[in-house]
Amino acid sequence: MSAPLDKLPIAITCGDPAGVGPDVIESALNKDASLATEAVVIGPAHWLEDLHARTGVRTLPVGEASFDMKPGLPSVEGAALALEAMGAAAQGCQAGRYRGVVTGPVNKHWLNQTGFSFLGQTEFFAEAWGGEPTMAFVGEKLKVVLATWHMSLREVPDALDAACLEKAVARAYDLAKLYGVAEPRIGVCGLNPHAGEQGLLGNEEIEVMNPALDRLRENMPGLSSCLPGDTVFYRQLRGDFDVVVAAYHDQGLAALKTLEFDRAVNVTLGLPFVRTSPDHGTAFELAGQGRADVGSFAAAVRVLRELTA
Ligand SMILES: N[C@H](C(=O)O)[C@H](O)COP(=O)(O)O
């Protein structure tokens, strides 16, 4: 890399151009003057010309120059452009041009229409950059790391082995450290109701999870054993834990999105570069009307800054 990481700009991808990505990007630039000097926005050429004229932000056009952005009207062409923006951001990081990426929201259905074969942007960036990704969320109140995420619930018990848990716990520990916690307290959700109730409601905690956590605790004294997933987030809110590891997607995200839907940030950890994203979708029905809440996108920018400082 030719320049120190903290001097490189942030790449911002437009997300699906028919969604609220373009709206929240422009709102964020209007609310935060320093962002225009710190970012490169990647998206459709016509929109970027106007955006540059209005905010001064640097831009990188992708897709056909003639692409006509129609808020609220998704298309395969638009989804392909969103994908191209993600590719340009990924490649730009590898080429030493950006220090990380804030991605605008995409729509998995429309992306799939382009032949996109990944389960999400997390998996796309993992493939582009190499590395073992971990999906994590940073809110103002909760920090949550998912041990498993984009998979069928039926597959979770088998996936949740010692290595999987070890990776999630290590990432949770690192995340707490990045936020300045000297001795991280990590709460881990059991898989089963009541964390298995000593085997009455399932054996994964006794057979796999707690033995793995016991081993890890030798180097991480603040690591819990398996805790009931229905109360661990309440305990985090109360201040008992710095980061919680959830066993599966909805266990962690139901709590997080209930409490912090407009503030939480999706963070991809474990890759050579940091990627953050607002924790909402394309909201096609709100696009182009100036009604989309900029909170989560602005938080995604803030968290990327924090993690690449
Ligand atoms: N699992 C994420 C969520 O519920 O917020 C969402 O699908 C986004 O995933 P990607 O960032 O991998 O696209």
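Order of listing sets the numbers, starting from 1, for every ligand and every atom in it. Just so it is clear, the model here is predicted, and its values are computed rather than measured.
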Atom pairs and distances, ligand 1 N/O vs protein N/O under 3.5 Å:
{"from": "ligand 1", "atom 1": "1 (N)", "to": "H150", "atom 2": "NE2", "distance (Å)": "3.0"}
{"from": "ligand 1", "atom 1": "1 (N)", "to": "H249", "atom 2": "NE2", "distance (Å)": "3.0"}
{"from": "ligand 1", "atom 1": "4 (O)", "to": "H249", "atom 2": "NE2", "distance (Å)": "3.2"}
{"from": "ligand 1", "atom 1": "4 (O)", "to": "K257", "atom 2": "NZ", "distance (Å)": "2.9"}
{"from": "ligand 1", "atom 1": "5 (O)", "to": "K257", "atom 2": "NZ", "distance (Å)": "2.9"}
{"from": "ligand 1", "atom 1": "5 (O)", "to": "D279", "atom 2": "OD1", "distance (Å)": "3.1"}
{"from": "ligand 1", "atom 1": "7 (O)", "to": "K108", "atom 2": "NZ", "distance (Å)": "2.9"}
{"from": "ligand 1", "atom 1": "7 (O)", "to": "H150", "atom 2": "NE2", "distance (Å)": "3.3"}
{"from": "ligand 1", "atom 1": "11 (O)", "to": "N266", "atom 2": "ND2", "distance (Å)": "2.9"}
{"from": "ligand 1", "atom 1": "11 (O)", "to": "R275", "atom 2": "NH1", "distance (Å)": "2.9"}
{"from": "ligand 1", "atom 1": "11 (O)", "to": "R275", "atom 2": "NH2", "distance (Å)": "2.9"}
{"from": "ligand 1", "atom 1": "12 (O)", "to": "Q121", "atom 2": "N", "distance (Å)": "3.2"}
{"from": "ligand 1", "atom 1": "12 (O)", "to": "T122", "atom 2": "N", "distance (Å)": "2.9"}
{"from": "ligand 1", "atom 1": "12 (O)", "to": "T122", "atom 2": "OG1", "distance (Å)": "2.6"}
{"from": "ligand 1", "atom 1": "13 (O)", "to": "Q121", "atom 2": "N", "distance (Å)": "2.8"}

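Taking 4.0 Å as the cut-off between side-chain N and carboxylate O, K257 and D279 count as a salt-bridged pair. A salt bridge is absent between R54 and E49; no separation between the charged side-chain nitrogens and carboxylate oxygens falls under 4.0 Å. Between R305 and D32 there is a salt bridge, with a side-chain nitrogen of the basic residue lying less than 4.0 Å from a carboxylate oxygen of the acidic one. Residues D214 and R217 are paired through a salt bridge, judged by an N-O separation under 4.0 Å between the basic side chain and the carboxylate.
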With side chain to side chain contact (heavy atoms under 4.5 Å, CB included) as the test, would you mind laying out the steps for M86 and F125 before giving the verdict?
CA-CA 8 Å; M86 289 156 56; F125 282 98; 4.1 Å; yes

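When the salt bridge (Lys or Arg N to Asp or Glu O under 4.0 Å) test is applied to R263, the partners found at least two apart in sequence or on another chain are E140, E260.
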